[in-house]
Amino acid sequence: MSGNNLQDLFQGQLDYIFFFKGLAFILVVAVCCLFRGYPSQRLPWRWFGLFALLQGLAAWLSLVTLSLGEASSLKTVCSLLQIGSWICLAEFGRSGIARVLNRDSGLWLLALLVMLTGLGGLKGWSGIEQASRYTLGLAGGLWASAALFLAGQRLPSRERGGSLTAGISLSLFSLTIVLFPPLSLASPGSVLNQEFFQRLTGVPLEFFQALLAFGMAAGIYGFLPWRQKGAESQAARQRSRSMFAMLATLSVILGLGSILTLYLGEWAQKNQEKVRGEAHEYATIVVSRLNTEFKRMEDGVTALAETNWLPASLRYQSEDNQERIDALLDRYRSTLDSSVCYIMDKNGKTVASSNRNAPDSFVGKSYGFRPYFKQAINGITGRYFAVGVTSKEPGYYVSRPVKGKGNMGVAVVKVSLKNVTQELQTAGQKGNSLICLADPRGVVFLASQPDMILKSLWPVDEKDRANLKEQYGKDEFPAIFTEKIGDGSKVNYQGRNYLASFAGTIHAGWSVFFFRSVEMVGAYRLTGIAVAALLAILALVILGSNFYFKEHAMASAGRFQAMFDASPEAIGVIDPETLQIMEANRSLASCLGFSQQELRTLNLGKLLNQDSQEISGQLQRIAQEDGAAKMAWQARKKDGSVLDLEVMGSKLEHQGKDQVLIFCREAEALRTPPTAMFQERGQFSQVQEPRAPSLLAGSTFPEATNASRAILPDFEEKSPNENTQDFDHEAKVQIKRIMEALNKVERLRKNSGGLQKL
């Protein structure tokens with residue numbers, strides 16, 4: 001595909017590119033929201049998320065403006081969103097660097113940038129827009145990029161790719177803000193603007209900025225703590241798969257949305273072309289009608305001027321001759337259905353007129369300065385569109401010389417063109433279009449839109465103003481469009497988009513312009529974009545919610561695992577069918593002299609001195625009944641010694657199966673105060689220095705003593721007799737609490753689609 005064809009393709013899809021850009025920044029917002037569960041993060045991601053959100057809204061507002069027509073209020077709101085986003089970006093850079101370097105970076109720096117932006121107001125709003133691109137867009141962007149780079153330096157070398165990607169993408173984005181401004185904000189004589197970027201690269205600047213936004217999202221994703229510390233873990237792989245699924249879904253939606261938008265746009269274009277063709281055909285009929293009408297008037301005024309007795313009557317003026325001339329003019333006015341028919345002498349003075357009895361009678365008035373008189377007195381047909389000097393009514397003047405011995409005078413027919421104006425309005429309404437008749441200098445004389453009349457299609461040259469005042473009776477002709485239009489020009493009128501074309505030319509450069517509305521195409525394309533946006537937002541909500549529930553479940557699982565391990569009581573989960581130890585906390589492992597991992601590989605039948613069938617029967621009875629049951633077990637420790645255990649067991653649905661939760665104490669511990677028991681074993685040192693909490697918890701786990709109290713809040717040191725008497729009660733209470741916690745995690749696991757095992 002050639003460069004021009006590529007540019008045409010992107011230009012035709014510019015509305016969808018704005019949608020693509022907005023969605024890319026919304027994705028950045030979604031990634032920034034993932035940091036909410038990690039309060040230990042140094043960088044203030046909420047400010048970066050606000051920056052991305054405002055950028056996304058600005059892009060989508062530009063899309064609406066492009067599709068439905070430009071409006072100054074929408075453009076102002078869009079500019080305010082841009083400036084607001086750059087302020088958030090600068091604040092991210094300021095507070096981010098302050099946190100990373102542990103230095104005080106006051107708000108006065110940000111206030112200084114805002115003040116410098118305000119100084120641009122000396123040149124109006126456009127000055128503020130221009131200044132903000134340098135003081136906030138560039139400075140704030142580079143400030144934020146520095147914060148990303150510095151934060152990345154504190155990561156392991158193999159984990160710095162994210163900070164580099166995000167920093168470079170943001171730096172390039174900031175540079176595009178100042179190097180390639182919109183054409184309306186570019187400095188006079190500067191070649192660097194958005195159009196230059198598209199000519200240079202073949203793609204619109206908005207498309208390039210959307211790609212940079214995706215780069216920011218990918219880079220920021222690498223800052224997530226679990227990406228840095230658990231890249232090889234099952235949880236990290238699961239998160240990566242979830243993120244890949246989200247990106248893949250968005251890519252499919254973007255592709256299908258582009259196809260749908262293109263299809264709807266082409267369908268609307270074909271439908272509009274049909275309507276436009278009908279309206280254009282009607283406009284051509286109007287042009288033909290005008291030419292026919294003008295030709296009829298020319299034939300009529302020629303017949304009037306060539307009346308054989310008229311020269312003599314003009315030469316020998318008398319009352320009878322005057323009556324004959326008046327009757328002749330009345331007859332021709334009625335026959336031609338014209339506004340006025342009149343005769344001027346060779347000096348331009350009106351000697352007879354069909355409106356002689358009207359208050360605005362032409363009789364006695366001199367119109368020798370009119371071009372149509374000068375043309376006719378010189379022997380040629382005069383044609384002239386003008387506003388009447390006396391009547392103040394616009395009309396079409398046709399004149400012919402009255403010949404005798406030389407040119408005796410001039411016969412004139414004036415046509416009001418009211419019927420023609422009505423036909424233009426009908427044609428415009430039928431095709432949802434604008435039709436107007438304009439002179440060679442662009443002044444509109446007739447139009448389907450009344451407020452276009454006697455305005456200019458493009459700015460009028462100063463040298464033409466004197467002639468225009470004589471012709472139309474006014475000095476000012478406000479320009480409807482900013483520059484001269486041609487066939488195929490795209491214009492905006494009263495907030496609506498039109499495509500200009502010529503419907504035909506009358507004579508002497510007078511042309512009929514036809515403006516067809518292109519809003520229907522934009523509206524249909526906007527429908528396709530809206531469908532894609534709805535699907536994308538639904539995908540983000542559904543997949544994002546699923547991702548959030550998984551994160552929440554894993555965090556809860558991690559917190560429970562830490563509490564489970566930190567409990568001073570020996571706790572385990574047993575499969576009653578296979579007698580496999582599914583879970584065992586550190587207290588149980590320490591009590592038996594094994595590691596937790598070793599216990600999870602052991603069968604309970606090999607660990608206890610009892611018969612395996614007896615144990616299995618006990619556990620299956622517990623699994624089939626609700627409530628708790630007490631058991632006495634004799635276990636073999638790793639060193640071969642034997643340990644008597646008092647065990648309280650209860651049914652537990654865990655990982656989709658009926659299992660048994662056991663709560664164990666050594667038989668002799670029931671006669672020993674708990675504090676002395678753990679001091680003898682050295683258990684307190686283990687409880688006070690628990691294993692590092694799971695990274696999936698998403699936050700720092702409190703000290704083990706607090707965790708123990710969270711699980712066993714009513715546990716108090718009691719006398720040996722009280723300990724023996726209350727063991728059953730305490731075990732039942734603690735089993736109930738642990739089961740509730742496990743069930744909660746299990747529900748979260750099921751809701752999130754299945755997590756890794758505890």
Working note: Phe173 + Leu211, criterion side-chain contact (heavy atoms from CB on, under 4.5 Å); need CA distance, chi angles, decisive distance, verdict. CA-CA 10 Å; Phe173 179 82; Leu211 296 180; over 6 Å; no

Side chains of Leu457 and Cys436: closer than 4.5 Å at any heavy-atom pair? yes

Does the side chain of Leu89 reach to within under 4.5 Å of the side chain of Trp143, using non-hydrogen atoms? no

About how many Å separate NZ of Lys469 and CG of Asp464, when rounded to the nearest 0.5 Å? 15.5 Å

Should Phe48 and Leu170 be marked as a side-chain contact (heavy atoms from CB on, under 4.5 Å) after you check the CA-CA gap, both sets of side-chain angles, and the distance that decides it? CA-CA 11 Å; Phe48 203 96; Leu170 183 57; 3.8 Å; yes

Using a 3.5 Å distance criterion without hydrogens, assess whether the side chain of Thr201 forms a donor-acceptor pair with backbone atoms of Val203. yes

Within the structure provided, determine whether Leu119 and Leu116 are in side-chain contact (heavy-atom separation under 4.5 Å). yes

For the pair Phe515 and Phe481, name the ring-plane relationship: parallel under 30°, tilted 30 to 60°, perpendicular over 60°. tilted

Measuring from atom NZ of Lys21 to atom CZ of Phe25, what distance do you get when rounded to the nearest 0.5 angstrom? 6.0 Å

Going by heavy atoms in the side chains, are Phe369 and Val389 under 4.5 Å from each other? yes

Do the ring centers of Phe214 and Phe20 come within less than 6.0 Å of each other? yes

May I ask you to test the Leu454-Val444 pair for a side-chain heavy-atom distance under 4.5 Å? no

side-chain contact (heavy atoms from CB on, under 4.5 Å) between Glu206 and Gln194, worked out: CA-CA 9 Å; Glu206 289 77 11; Gln194 292 184 2; 3.4 Å; yes

Straight-line distance of Leu136 CG to Ile128 CD1, nearest 0.5 Å: 11.0 Å

Got a second to check how far Met216's CE is from Gln209's CD, nearest 0.5 Å? 8.5 Å

Nearest heavy-atom pair of Pro204 and Ile17: which atoms, and what distance? CG-CD1, 3.7 Å

What's the shortest heavy-atom distance between Gly96 and Leu43, and which atoms? CA-CD2, 3.9 Å

Go through the side-chain N and O atoms of Arg441 and Gln471 and say whether any donor and acceptor fall under 3.5 Å apart. yes

How many angstroms lie between atom CE of Met452 and atom CG of Leu434, to the nearest 0.5 angstrom? 5.5 Å

Between atom CG of Leu468 and atom CG of Asp439, what is the distance when rounded to the nearest 0.5 Å? 6.5 Å

Could you pull out the closest heavy-atom pair between Gly120 and Ala131, with the gap in Å? CA-CB, 4.1 Å

Taking side-chain contact (heavy atoms from CB on, under 4.5 Å) as the definition, give me every residue that meets it alongside Asp451, ordered by chain and number, with sequence neighbours left out. Gln449, Tyr493, Gln494

Going by the angle between their ring planes, with limits at 30° and 60°, are Tyr472 and Phe445 parallel, tilted or perpendicular? tilted

When you measure from the side chain of Ser169 to the backbone N and O of Ala166, does any donor-acceptor pair fall under 3.5 Å? no

Can Thr117 and Thr135 be counted as having a side-chain donor-acceptor contact under 3.5 angstrom? yes

Any residue meeting ring pair (Phe, Tyr, Trp, His ring centres under 6.0 Å) with Phe18, in chain and number order, not counting sequence neighbours: none

Look only at the side chain of Ser456 and the backbone of Phe477, and say whether a donor-acceptor pair between them is shorter than 3.5 Å. yes

Nearest heavy-atom pair of Cys88 and Leu50: which atoms, and what distance? SG-CB, 3.8 Å

More than 12 non-hydrogen atoms from neighbouring residues, nucleotides or ligands closer than 6.0 Å to NZ on Lys474, yes or no? yes

So, do Ser79 and Trp125 sit near enough that their side-chain heavy atoms are less than 4.5 Å apart? yes

Provide the closest heavy-atom pair for Thr165 versus Gly215 in the form atom of the first, atom of the second, distance. CG2-O, 3.4 Å

Can you name the residues that form a salt bridge (Lys or Arg N to Asp or Glu O under 4.0 Å) with Glu91, not counting sequence neighbours? Arg94

Under 6.0 Å between the ring centres of Trp86 and Phe51? no

Using 30° and 60° as the class boundaries, would you call the ring planes of Trp60 and Phe19 parallel, tilted or perpendicular? parallel

Shortest non-hydrogen contact between Ser174 and Gly141, atoms and distance: OG-CA, 3.0 Å

Should Ile177 and Leu138 count as side-chain neighbours, where that means a heavy-atom distance under 4.5 Å? no

Show the numbers, then the answer: is there a side-chain contact (heavy atoms from CB on, under 4.5 Å) between Leu148 and Phe92? CA-CA 10 Å; Leu148 292 171; Phe92 172 81; 3.9 Å; yes

Heavy-atom side-chain contact between Leu81 and Leu61 under 4.5 Å: yes

Any side-chain donor paired with an acceptor under 3.5 Å for Gln425 and Ser448? no

Would you confirm whether Asn193, through its side chain, and Phe196, through its main-chain N or O, come within 3.5 Å as a donor-acceptor pair? yes

